[in-house]
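Read through the structure below, which is laid out as structure tokens, and then see the notes.
Naming: A, B, ... by sequence-line order, numbering from 1 per chain. Computation of the quantities below employed the complete heavy-atom set of this structure, encompassing side-chain atoms and omitting hydrogens, waters and symmetry-equivalent molecules. Note that the structure is predicted; figures quoted are calculated from it, not measured.
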2 protein chains.
Amino acid sequence: MDNDDFRRGIPTSHKVYGEAVAILAGDALLTEAFRLMTDRGAMRDVPPERLLDVAREIAEAAGFSGMIAGQAVDIASEGIPPDGETLDFIHSRKTERMITVSLRAGAILAGAEAGALEALTGYGRRIGLAFQISDDILNVEGTAEALGKGTGSDAARKKLTYPALYGLESSKEKARALAGEAVRCLDRFGDEAQPLRALATYIVERNN
Amino acid sequence: MDNDDFRRGIPTSHKVYGEAVAILAGDALLTEAFRLMTDRGAMRDVPPERLLDVAREIAEAAGFSGMIAGQAVDIASEGIPPDGETLDFIHSRKTERMITVSLRAGAILAGAEAGALEALTGYGRRIGLAFQISDDILNVEGTAEALGKGTGSDAARKKLTYPALYGLESSKEKARALAGEAVRCLDRFGDEAQPLRALATYIVERNN
């Protein structure tokens, strides 16, 4: 989509195998994801209703009103002067919803009750946005070595990002504040939520 | 994939909207298909087990060992001298499996017993192959007007096809024989299978 030659230090598929094969590989992985999600033989302990609900929620989060909408608007916005509403739309679709549905999927499969599901949803939205902001910050500040891909590419394409819109310092503050809010969403849980608390901190402190 | 400028008389997506948007539209439609298939609210009368089984079978037929494998081998075979085994692999993956799973999906949702399911599977395999052979024949013999796309494009690309491998007359005979076998697979059904019998005939007699 962004036509980058590298991802995490490795040449991208379309450069190595050509566009047709890269597109097919994407379609194959997307289809295989749904094959796995609907394989009740592999998930014998989970009631079929829950498997259906999880597959449907993931399809909604990834589909034309979710991640794909975000990616489409992201592409359409290159070279256009930044606007906060558009940026929020892109981030909520591209990142927040995928992270949130990952949390919800596990909780639904495990039979979580409504309150726990709501708490995890609140946590997911906040770390999702924090992740995207910190990704934008790393594109400005990170080293190509640590990231395994080029930096400064967003600015070169006049891409809409948090640092471009609000500046680097405000963006960092916003990311840290979101991580703090995310941790507070988990107050109803005990020690079992410790990995999620650590993850919120990691997201805003990572350097790749 | 074949980089054609027209499909059914209409300019192709990647020509009108660009490659990135065309790829996203494909991903969106693929994802939406699974969202619909896993929406148990819209399918309240069908037991959830059946919905899962249908979604999984469709994912298998479409995925990396099904349609996508056929398409990948098809692309990799352009410009290479034809070979019957490769041609059968491509046709069984690209066409037969998708047509067969369409028949099985309806039957599974309706709660068909094993014998009926097997009969429909045999019918599907045969009309699937007949469809692909007649598609290849039309690419040689059809008019651009009736097809709404260019003809002769397979030959220009030295594409592996039935007419290229076995000649036009043998290909027509093979397609007609398959349609006949397909109809005999339906012997256990009564008048309710009449539309399927008509479809088998239509596939080998169509001109677009």
Side-chain angles (χ1 to χ4, degrees), chain A residues 1-3 13-14 17-44 46-76 78 93-94 98 101 105, chain B residues 1-3 13-14 17-44 46-76 78 93-94 98 101 105:
Chain A
M1 291 283 145
D2 57 12
N3 221 10
S13 283
H14 68 106
Y17 305 104
E19 283 194 7
V21 171
I23 293 169
L24 284 176
D27 290 344
L29 288 167
L30 184 49
T31 306
E32 178 64 5
F34 285 102
R35 192 196 64 74
L36 282 167
M37 285 187 265
T38 53
D39 187 356
R40 65 189 174 96
M43 298 275 233
R44 240 166 281 174
V46 179
E49 289 83 355
R50 287 188 201 162
L51 290 179
L52 283 170
D53 287 348
V54 162
R56 200 200 67 248
E57 281 210 16
I58 290 173
E60 280 170 6
F64 70 81
S65 62
M67 182 177 59
I68 288 174
Q71 178 71 359
V73 173
D74 196 8
I75 289 172
E78 282 189 22
R93 282 4 177 243
K94 279 186 72 173
M98 293 312 293
V101 81
Chain B
M1 292 282 147
D2 57 12
N3 222 11
S13 283
H14 68 107
Y17 304 105
E19 284 194 4
V21 171
I23 292 169
L24 284 176
D27 290 344
L29 288 166
L30 184 50
T31 306
E32 179 63 6
F34 286 102
R35 191 196 66 74
L36 282 167
M37 286 188 264
T38 53
D39 187 356
R40 65 189 173 98
M43 298 276 234
R44 239 165 284 176
V46 180
E49 289 83 355
R50 288 188 201 163
L51 290 179
L52 282 170
D53 288 346
V54 162
R56 200 201 64 246
E57 282 210 16
I58 290 174
E60 280 170 7
F64 70 81
S65 62
M67 183 177 59
I68 288 174
Q71 178 71 1
V73 173
D74 196 9
I75 289 172
E78 282 190 21
R93 279 13 176 234
K94 279 185 72 172
M98 293 311 292
V101 81

| query | When only pairs under 4.5 Å are counted, which of B/E19, B/M37, B/M67 shares the most heavy-atom pairs with chain A? | reply | B/E19
| remark: In this structure, CE of B/M43 is separated from CG of A/L52 (nearest 0.5 Å) by 10.0 Å
| task | Under 4.5 Å, counting heavy-atom pairs only, tell me which of B/A59, B/P47, B/G18 racks up the most with chain A. | result | B/A59
| query | B/E32 versus chain A, heavy atoms under 4.5 Å apart: side chain, backbone, both or neither? | reply | side chain
| request: Let me know if A/E49 has heavy atoms under 4.5 Å from chain B in its side chain, its backbone, both or neither. | output: both
| remark: Per-residue tally against chain B (heavy atom, under 4.5 Å) across A/V54, A/I75, A/D39 peaks at A/D39
| Which residue out of B/L36, B/L24, B/D27 racks up the most heavy-atom pairs below 4.5 Å with chain A? | B/L24
| note | Taken to the nearest 0.5 Å, the spacing of B/L30 CG from A/L30 CG works out to 4.5 Å
| said: Using 0.5 Å steps for rounding, measure from the CD atom of B/E57 to the CZ atom of A/R35. | reply: 12.0 Å
| note | Rounding to 0.5 Å, atoms CD (A/E60) and OG1 (B/T38) come to a distance of 8.0 Å
| note | Checked A/D53, A/L29, A/V21 vs chain B; the most non-hydrogen pairs under 4.5 Å come from A/D53
| query | Looking at CD1 of A/I58 and OG1 of B/T31, how far apart are the two atoms once the value is rounded to the nearest 0.5 Å? | reply | 11.5 Å
| field | Spacing of CG belonging to A/L51 relative to CG belonging to B/L51, to within rounding of 0.5 Å | value | 11.5 Å
